[in-house]
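The figures that follow rest on heavy atoms only: side chains count, while hydrogens, waters and symmetry mates do not. Here is the naming used below: chain letters follow the sequence lines, and residue numbers restart at 1 for every chain. This structure is a prediction, so every number in the text was calculated from the model and none was measured.
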Protein chains: 2
Amino acid sequence: MDKPEAEPEADASAASPAPYRLDDQVGHLLRRANQRHLAIYGRAIQELTPMQFATLAKLHEAGALSQNALGRLTAMDAATIKGVVDRLRKSGQVQTENDKTDRRRTIVSLTPEGRALVESLFARAHDVSRETLSPLDATEQAMFLHLLRKMI
Amino acid sequence: MDKPEAEPEADASAASPAPYRLDDQVGHLLRRANQRHLAIYGRAIQELTPMQFATLAKLHEAGALSQNALGRLTAMDAATIKGVVDRLRKSGQVQTENDKTDRRRTIVSLTPEGRALVESLFARAHDVSRETLSPLDATEQAMFLHLLRKMI
DNA sequence: CCCTTTTTGTTGGCATGCAAACGGATTTTG
DNA sequence: CAAAATCCGTTTGCATGCCAACAAAAAGGG
């Protein structure tokens, strides 16, 4: 080697294969953004966990659903949605019944208490979304949401 | 508008408080984007979990660190980084020692195996970041990363 | 109609992720 | 310097989150 490391940083375009910096990786930034959002949620809403709220909100939006369908619409796999539904049922926010036509299915629906609770939280939930996006101005927020959707 | 709530549903711009649709919430989109990224990671790298890789990458980047400092730099709380370090130590990727000047601290550092492993994964890790951003064109990627940072 | 495939839900196992409560060490402050 | 405030690391407890393996039921195909 005549001069493998004569100018370690001189020519960034050829020699060094771009150092791996954690803080530059999309995955790390996405994780931190999500972390921040969960912290904002936690400060605003203590009645339900984020996923429990998402579950009730989706049931409120779409009506009764099979457990697996509910999982798909909330982006939780079958094993995860099961735990969430179990806990919501235990706390009386949802109820389950057997599907008459498909004996594999368990239909999940809101109880009156669950409906009342989720409706009482919508305003604060909107605030959470607003606060999460607050570092960006209106134009940036629209752009960010657009890019986020495009990436999914 | 002179009559804010005269017609509850008639005028969408005034009356209805904007329905809460899960798929429109930043938090949900961030979670799904992160989920997608983790799936891409999982397909590309099986040797280490995402957080184990992040931990080794940060140690590679910053050198030996106290356990808590390592947690801060990787955005994991004290309880979480402990588990990650424990598992990495068990698998021989990192080692720990007592800090001579501060008896509270545990210094975490890469073992030769850990260093070799993480270095062998950098290329694939870069691919993961690239693939995660691939739905966006170059301009959009830059914009997205910019907005993501601004939001954190 | 039978066989194969798919779908639904469950379970076990492992890895985050965070709050709260602690004990011990160090730093800050009055 | 001594008390108070912090910081370090640990433990417990609970809630995701996902994989792999299963059993039962339904759907599809030949």
Inset, instruction - Provide, to the nearest angstrom, the distance between the NE2 atom belonging to A/His28 and the P atom belonging to C/dG17. - result: 11 Å
Inset, instruction - Give a yes or no on whether A/Arg124 atom CZ has more than 12 heavy-atom contacts from other residues, nucleotides or ligands under 6.0 Å away. - result: yes
Inset, instruction - Starting at atom CG of A/Leu65, determine the distance to atom P of C/dG9, rounded to an integer number of angstrom. - result: 11 Å
Legend entry - Residues that, via side-chain heavy atoms closer than 4.5 angstrom, fall in one hydrophobic cluster with B/Ile107: none
Legend entry - From CA spacing to verdict: side-chain hydrogen bond (donor to acceptor under 3.5 Å, both in side chains), B/Gln25, A/Ser129: CA-CA 6 Å; B/Gln25 310 307 313; A/Ser129 292; 2.6 Å; yes
Legend entry - Considering all heavy atoms, the nearest B/Gly114-B/Gln93 contact: CA-OE1, 3.2 Å
Legend entry - Angle by which the axis turns from one end of the helix from C/dC1-D/dG30 to C/dG30-D/dC1 to the other, five pairs per end, to 10 degrees: 30°
Inset, instruction - Round to the nearest Å and state the distance from B/Ile81 atom CD1 to D/dT11 atom C1'. - result: 17 Å
Could you list, one pair per line, each protein nitrogen or oxygen that sits under 3.5 Å from a nitrogen or oxygen of nucleotides 17-24 of chain D, together with the distance?
from	atom 1	to	atom 2	distance (Å)
D/dG17	OP2	B/Arg31	NE	3.1
D/dG17	OP2	B/Arg31	NH2	3.1
D/dC18	OP1	B/Gln35	NE2	3.1

Inset, instruction - Check step by step if side chain to side chain contact (heavy atoms under 4.5 Å, CB included) holds for A/His37 and A/Val128. - result: CA-CA 8 Å; A/His37 171 260; A/Val128 169; 3.7 Å; yes
Legend entry - Counterpart residues, side-chain contact (heavy atoms from CB on, under 4.5 Å), relative to A/Ser109 (two or more places apart): A/Ala64, A/Gln95
Legend entry - Other ILVMFWY residues reachable from B/Leu136 by side-chain steps of under 4.5 Å: A/Val26, A/Leu29, A/Leu30, A/Leu133, A/Leu136, A/Met143, A/Phe144, A/Leu145, A/Leu147, A/Leu148, A/Met151, A/Ile152, B/Val26, B/Leu29, B/Leu30, B/Leu133, B/Met143, B/Phe144, B/Leu145, B/Leu147, B/Leu148, B/Met151, B/Ile152
Legend entry - For DNA chain D, the residues among residues 87-102 of chain B that have a non-hydrogen atom under 4.0 Å from it: none
Legend entry - Distance in angstrom units between A/Lys82 NZ and C/dG12 P, rounded: 10 Å
Legend entry - Closest non-hydrogen atom pair, B/Phe53 against B/Val118: CE1-CG2, 3.7 Å
Legend entry - Geometric class of the B/Phe122/A/Tyr20 ring pair [parallel <30°, tilted 30-60°, perpendicular >60°]: parallel
Inset, instruction - Tell me which nucleotide among C/dA15, D/dC8, D/dT10 gets nearest to the side chain of B/Thr49. - result: C/dA15
Legend entry - Distance, nearest 0.5 Å, that separates CE of A/Met51 from OG1 of A/Thr74: 5.5 Å
Legend entry - Closest to the A/Gln52 side chain, choosing from D/dC8, C/dT8, D/dT16: D/dT16
Inset, instruction - Specify the closest pair of heavy atoms between B/Thr55 and B/Ile81, including all atoms of both residues, with the distance to one decimal. - result: OG1-CD1, 4.1 Å
